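These notes are about the structure you will find just below.
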Amino acid sequence: MKRIIKILTLVVALSVAVVAESTAQHTIAITGGSGYATARPYPAQEMKPIWGTYQAGFSWRYYSMPRFIACFGIDVELLQRGFSFAPYPHLYEDKKEYRYYTRKLNSIIIPIVWQPHFYLFKKHLRIYLEAAPTFSFNFGSKFHNDEKYSININGLVDAPISGKYDFRLERDNRFSYGLRGGGGFDLIFGQVEIGVRAMYDFGYSDILRNRTKYYGNNLDSETKPGENPFYYTPLRSPLDNLTISMKIGFRIGKAGFKEWEWKRPAFPKNKEVFKYTF
């Protein structure tokens, strides 16, 4: 945690120094989109992606003089994440009969963005790639379990179970980190920008703690049946997301691209003059 705070402090200090350049462009935008979420548990499980996840957020970009081909930016987003897997695939002969456990959660995610880009059509089209480390906070989780976990006096009831997933310190990680990569394009009309982008979030941290820290997952069946189907917490459980989103932005200030067309003056060449007299 202390390392993350040091990194964020350094990034804020660099951003303040960069903003000091008056000839730059600053663009703020809102984004929103949809995609899918999944996880990469280890040991591997029978997984399927969760389609229809949502993303909404706010972004800021700093575009320096054109001799630099990249910009700097920070986003703040609400991203739905999650995973869906079959706890007991060996009980079924056909994959179509698998019963899945699905968990969805919300994350406040902060990517620190580096964006190489170039312009076309007299700077009315910007095409770019993006790369970013990400830091996030997880909250608001729900689960849905198709397996037989409801218990009454007659035994197990064959019915799906849904409910709120309770974050527990010994089992769940609230904070996570990872990498983001992707690209997109922006159409530029004066101070207004409209664009489309595709981003992939690659998780490095785990949503569930390592089994060395949380061994007795079987006790979950006594408190809330079906909430956590992992008999043992997996060794790894990073989350991934693919998102396609729309962007509507506005460039701060009325300065356009003419300020970016300034060229360095050519240095005069040395001229040799023939002298006729001694």
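What you are looking at is a predicted structure, and each value in this text was computed from that prediction instead of being measured.
Scanning all heavy atoms of the two residues, the minimum distance from Tyr128 to His117 falls at CB-CB, 3.6 Å. Here the closest heavy-atom approach between residue Arg171 and residue Asp166 is recorded as NH2-O, 2.7 Å. Heavy atoms only, all atoms of each residue included: Ser84 and Thr102 are closest at OG-OG1, 2.8 Å. Pairing each heavy atom of Ala37 with each of Asn241, the nearest pair is CB-ND2, 3.5 Å.
At least one side-chain heavy atom of Phe135 sits under 4.5 Å from a side-chain heavy atom of Ile112. Taking 4.5 Å as the limit, every side-chain heavy atom of Gln55 sits out of range of all side-chain heavy atoms of Leu78. Side-chain atoms of Asn173 and Leu208, non-hydrogen and from C-beta on, never get closer than 4.5 Å to each other. At a threshold of 4.5 Å between non-hydrogen side-chain atoms, the residues Leu125 and Leu187 count as touching. Proximity of Arg180 to Ile109: side-chain heavy atoms (C-beta onward) are separated by under 4.5 Å at one or more points. Under the 4.5 Å side-chain criterion, counting only non-hydrogen atoms from C-beta, Leu169 is in contact with Arg209. Taking 4.5 Å as the limit, every side-chain heavy atom of Pro111 sits out of range of all side-chain heavy atoms of Met199. Taking 4.5 Å as the limit, every side-chain heavy atom of Trp60 sits out of range of all side-chain heavy atoms of Val113.
Within the model, atoms OH of Tyr204 and CG of Leu239 stand 14.5 Å from one another, a figure rounded to the nearest 0.5 Å. Rounding to the nearest 0.5 Å gives a distance of 10.0 Å between OH of Tyr98 and CG of Leu91. The distance from atom OG of Ser136 to atom CG of Asp201, rounded to the nearest 0.5 Å, is 8.5 Å. The NE2 atom of His124 lies 14.0 Å from the CG atom of Asp186; values are rounded to the nearest 0.5 Å. Ser141 contributes atom OG, which lies 7.0 Å from atom CD1 of Ile207 (distance to the nearest 0.5 angstrom). Taking CH2 from Trp114 and SG from Cys71, the interatomic distance works out to 10.0 Å, rounded to the nearest 0.5 Å.
The backbone N or O of Ser205 lies less than 3.5 Å from no partner atom in the side chain of Ser176, so there is not a single donor-acceptor pair. Without hydrogens or angle criteria, Thr31 side chain to Met246 main chain gives no donor-acceptor distance under 3.5 Å.
Using a 30° and 60° split on the angle between ring planes, Tyr88 and His90 fall in the perpendicular class, above 60°.
In terms of hydrophobic clustering, with Ile, Leu, Val, Met, Phe, Trp and Tyr side chains grouped at heavy-atom distances under 4.5 Å, Val192 and Ile30 are assigned to different clusters. The hydrophobic clustering, which links ILVMFWY residues whose side-chain heavy atoms are closer than 4.5 Å, places Tyr62 and Ile74 together. Hydrophobic clustering (ILVMFWY, side-chain heavy atoms < 4.5 Å, transitive): Leu105 and Phe85 are in one cluster. Taken together through direct or relayed side-chain contacts under 4.5 Å among Ile, Leu, Val, Met, Phe, Trp and Tyr, Leu79 and Phe202 form parts of separate hydrophobic clusters. Hydrophobic clustering, with ILVMFWY side chains joined whenever heavy atoms are under 4.5 angstrom apart, keeps Ile50 apart from Tyr165.
A salt bridge is defined here as a Lys NZ or Arg NE, NH1 or NH2 lying under 4.0 Å from an Asp or Glu carboxylate O, and Arg61 with Glu193 fails to meet this definition.
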Subject >> Evaluation steps, side chain to side chain contact (heavy atoms under 4.5 Å, CB included), between Ile161 and Tyr101 >> reply: CA-CA 9 Å; Ile161 306 167; Tyr101 169 89; over 6 Å; no

Subject >> Stepwise side chain to side chain contact (heavy atoms under 4.5 Å, CB included) test for Asp146 and His144 >> reply: CA-CA 7 Å; Asp146 293 330; His144 178 86; 3.0 Å; yes

**OP:** Take Glu77 and Arg197 through the salt bridge (Lys or Arg N to Asp or Glu O under 4.0 Å) test and state the conclusion after the steps.
**Re:** CA-CA 14 Å; Glu77 299 177 359; Arg197 65 177 187 172; 2.8 Å; yes

**OP:** List the steps, then state whether side chain to side chain contact (heavy atoms under 4.5 Å, CB included) holds for Lys123 with Ile188.
**Re:** CA-CA 7 Å; Lys123 296 185 175 65; Ile188 303 172; 5.8 Å; no

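Stacking of Arg103 on the aromatic ring of Phe167 is recorded, both the 6.0 Å distance cut-off and the 45° axial limit being met. Under a cutoff of 6.0 Å and an axis angle of 45°, Arg251 and Tyr63 do not form a cation-pi pair. No cation-pi contact links Arg99 to Tyr92, judged by a cut-off of 6.0 Å to the six-membered ring centre and 45° from its axis.
Among residues at least two apart or in separate chains, salt bridge (Lys or Arg N to Asp or Glu O under 4.0 Å) pairs with a member in residues 28-46 are Arg40-Asp240, Glu46-Lys95.
Ring pair Tyr177/Phe175: centre-to-centre distance not below 6.0 Å.
When the shell of 6.0 Å around NZ of Lys104 is examined, it contains 12 or fewer heavy atoms from other residues, nucleotides or ligands. In Glu97, the CD atom is crowded: over 12 heavy atoms of neighbouring residues, nucleotides or ligands sit closer than 6.0 Å.
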